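In what follows, chains carry the letters A, B, and so on, assigned in the order in which the sequence lines appear, proteins first and then strands, with residues in each chain numbered from 1. These values consider heavy atoms only, across backbone and side chains, with no hydrogens, waters or symmetry-generated copies. Owing to the predicted nature of the structure, the values given are computational and were not obtained by experimental measurement.
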Amino acid sequence: MKNQELSKIFNEIARFLQIDGVAFKPYAYEKAAISLEGLSEDVAETYVRGGRKALEEIPGIGRAMSDHIEEYLKTGKIKFYEEMKKKLPVKWDELLSLEGLGPKKIKVLYEKLGVKNLKDLAKVVKKHKVAPLFGFGEKTEENIVQGLDFLKRSKGRSLLKDVLPFATEILKKIEKLKEVEKVSLAGSLRRKKETIGDVDFLVVSKNPKKVMKFFCNLPGVEKVWGKGGTKASVHMKEGFDMDLRVVPLKSYGSALQYFTGSQDHNIATRKIAIEKGLKLSEWGVFSGSKQIAGKTEEEVYKAIGLKWMSPEIRENGGEIEASLNHKLPQLVELKDIKGDLHIHSNWEDLKGSKDSIEMLAKKGMELGYEYIGISDHTNDLKVEKSLNEKHILKQIEYIKKLNQSFEKRGIKFKILTGCEANIRRDGTIDVEDEVLSKLDYVIAGIHSIHKMEKEEMTKRIIKAMQNKNVDILAHPTGRIVGEREEYLMDFDKILKTAYETGTILEINSSTRLDLRDLYIRRAKSEGVKMLINTDTHKKDQMDFMEYGISQARRGWAEKKDIINTESVENLLKYFK
DNA sequence: GCCGTTTTCGGCCCGACTGTTTTCAGTCG
């Protein structure tokens with residue numbers, strides 16, 4: 001997508017302008033960058049569709065920005081940007097990822113020491129060339145050394161599923177302290193983003209010192225790098241930072257609102273406060289110098305005329321308007337889920353690591369589900385002992401018997417028969433239709449030849465959805481968080497076909513997290529049904545449903561959009 | 001540079017911390 005490239009460029013232009021001390025323009029470029037990033041349509045298509053006029057309808061894009069975009073689309077370059085880059089050819093994303101380093105310091109480092117990237121920076125700090133620079137010092141140099149060391153170990157953001165269980169454990173420990181009145185997670189972790197920068201805790205306590213001491217001595221703390229009267233920051237050996245803040249009870253709600261973010265959401269809420277002649281900060285909502293709200297998030301939102309909204313949608317992506325118009329979504333919840341339909345069993349097992357259908361069913365019952373579906377890999381997928389037509393028929397019979405035994409014992413639980421078939425290069429399915437039609441449902445997914453031309457890939461997927469036996473499109477875009485980009489495809493056409501053929505799109509809860517939140521929102525608005533699956537290869541992975549739920553919630557999905565919130569009788573009606 | 005039923009000009013979120021230039025710029029969330 002050109003959007004991401006342009007977003008990156010606009011962000012960098014903002015940095016250049018910031019260095020030159022230009023006022024307000026950096027903010028405009030940043031806003032344009034954020035706006036582009038959140039767009040579902042590729043600007044190249046927007047431009048073809050409606051030219052300059054359509055571009056300027058994008059929020060934050062005006063005369064000058066559309067100039068830049070047009071130039072970029074036509075020539076692949078933006079002169080304005082290239083000139084700036086010539087003057088200061090540094091790797092912004094690398095250098096800015098270092099804690100404590102901003103545009104101005106980066107400029108000094110380049111001009112005085114020729115530092116262009118992290119590698120250069122490591123060299124000059126080793127020679128102690130940084131401390132003597134004007135505006136730097138011993139402490140700054142030491143912080144750079146520490147920052148480089150930390151980056152090397154953590155390499156950026158961590159996955160939600162790696163951090164959330166860990167952070168929840170710590171939260172429970174803090175909760176148990178008798179000095180603690182209130183505690184909550186905040187930040188991107190509370191918003192359940194796909195990846196997390198650091199972990200934020202917010203605490204109300206009469207004895208902050210004691211809580212802070214406890215926090216700094218938690219197992220796994222490698223280094224305490226910031227400690228004041230009300231705030232402590234630690235590096236964890238797991239490779240991320242944790243912050244703990246103690247706030248007064250009367251500001252707990254406003255602090256929670258503030259530290260939960262997102263930053264864009266905060267800016268938007270503060271603007272609303274200003275419009276009402278109020279001021280919103282982490283300390284509360286103020287009318288003049290009088291605090292009129294702050295103890296709870298609900299009263300903070302109420303004081304500025306908004307309804308409380310779930311952290312997952314606080315991205316300034318329309319939630320403020322929805323709140324004003326009483327149109328906030330009733331987001332789907334974990335407890336709404338009645339079953340999981342993407343589960344692999346030991347029937348396809350090659351290495352002896354998978355669980356039996358019986359064990360998976362038991363796990364499903366423990367989770368309070370009414371049903372699970374078994375969906376082993378088929379013919380073409382060679383990394384597993386994939387099931388052929390004969391195996392599938394045999395498995396159907398086997399599951400039938402298990403269901404009968406449940407019935408006999410009065411257990412109200414059903415195992416559905418499915419498979420995860422492969423979509424071949426030409427869009428055909430690697431299992432005979434005759435056999436597919438005997439299953440309760442069929443999941444189809446792409447597991448080979450990920451790199452194809454956009455048009456060809458779109459046709460391939462559309463053809464698979466048109467198969468009258470294919471009910472569910474597995475991990476529709478092929479992305480894996482932090483590992484693999486999505487396939488080139490026309491998502492609008494995919495959505496249209498999904499709607500026409502009644503094909504359900506999967507929200508895969510594994511590290512794929514595919515569909516992405518923006519696509520979920522588009523699917524919802526087009527009336528396309530979705531299904532949250534775990535893609536379990538080992539029974540404990542069935543617990544990952546909560547990450548699919550978070551993903552769905554960030555995509556504004558409601559219970560009615562997600563079909564595995566339905567009873568088994570209703571569910572079966574959705575299948576072709 | 002963008003935006004607008006309070007404006008086509010004059011605004012642009014807010015506060016805290018850190019380290020160094022010892023009064024405040026730069027950075028962060």
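Counting heavy atoms from C-beta on, the side chains of A:T46 and A:I69 never come closer than 4.5 Å.
Side chains of A:E71 and A:Y81: a donor-acceptor N/O pair is absent below 3.5 angstrom, by distance only. Side-chain atoms of A:H235 and A:D241 include a donor-acceptor pair closer than 3.5 Å.
The listed nucleotides are B:dG19, B:dG1, B:dC13; the one nearest the side chain of A:K271 is B:dC13. Of the candidate nucleotides B:dG29, B:dG1, B:dT20, B:dT20 has the atom nearest to the side chain of A:T140. Out of B:dG26, B:dG29, B:dG1, the shortest distance to the side chain of A:A64 is found at B:dG1.
Residue contacts for A:G135: at a heavy-atom cut-off of 4.0 Å it reaches a base atom on one of the strands shown. No contact: A:K231 has no heavy atom under 4.0 Å from any strand.
Residue A:Y258 places a side-chain atom within donor-acceptor reach of the base of B:dG29, judged by atom type and a 3.5 Å distance cut-off alone.
Note: CG (A:D243) to P (B:dC28) measures 13 Å, nearest angstrom. Look at CD on A:E57: it is 15 Å from C1' on B:dC3, rounded to the nearest Å.
Residue A:R522 is tested with A:D517, A:D492, A:D561 for a salt bridge (Lys or Arg N to Asp or Glu O under 4.0 Å); the sole match is A:D492.
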